[in-house]
Amino acid sequence: MSEKSTNGKMISTKHMGVYQRAGEIKRFDGKPDLCFYITYKTPNGKKVWEKIGWRSEKMTAGLAAEIRAERMQQLRL
């Protein structure tokens, strides 16, 4: 995970459709806590952003990618 200061901006992870943002106040392990988000499009073309969870709550970019895959599969079925 990036150690760069992002000033609260969303930055992409190595997983497609998964982004992270450093919390401005919340800290974990002596560093700003990371919040993970996923994005996907609905069948009608609307882009959805969904907050998945914080690193301090045991969320990772990989787990967020799995949740995104589940959401996309549900939309297709």
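For the atom pair L75 CG and N44 CG, the distance stands at 9.5 Å (nearest 0.5 Å). Interatomic distance, C35 SG to E24 CD, rounded to the nearest 0.5 Å: 12.0 Å. Separating the CE atom in M72 from the CE atom in M16 is a distance of 8.5 Å, to the nearest 0.5 Å. In this structure, CZ on R27 lies 12.5 Å from OG on S56, to the nearest 0.5 angstrom.
In this structure, the ring of Y19 has its center less than 6.0 angstrom from the ring center of W49.
Side-chain contact annotation: Y37 with R21, donor-acceptor N/O pair under 3.5 Å present.
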(request) Please step through side chain to side chain contact (heavy atoms under 4.5 Å, CB included) for the pair Y40 and K47, ending with a clear verdict. (result) CA-CA 6 Å; Y40 53 90; K47 190 168 188 173; over 6 Å; no
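In terms of modelled atom types and a separation under 3.5 Å, the side chain of D33 and the main chain of G23 share no donor-acceptor contact. One N or O on the side chain of T39 and one on the backbone of V48 form a donor-acceptor pair closer than 3.5 Å.
The two residues L34 and Q20 make their nearest non-hydrogen contact at CD1-OE1, 3.8 Å. Across all non-hydrogen atoms, the minimal contact from R55 to P32 is NH1-O, 4.5 Å. When all heavy atoms of R68 and G17 are compared, the pair lying nearest together is NE-CA, 3.5 Å. Across every non-hydrogen atom of I38 and A64, the tightest pair is CG2-O, 3.4 Å.
For the side chain to side chain contact (heavy atoms under 4.5 Å, CB included) with F36, the lone residue among M59, E57, K51 that qualifies is M59.
Under the 4.5 Å side-chain heavy-atom criterion for grouping Ile, Leu, Val, Met, Phe, Trp and Tyr, I52 is not connected to W54 through any hydrophobic cluster.
Surrounding CG of L77 are more than 12 heavy atoms belonging to other residues, nucleotides or ligands, all under 6.0 Å away. Heavy-atom neighbours of K41 NZ from other residues, nucleotides or ligands within 6.0 Å: at or below the threshold of 12.
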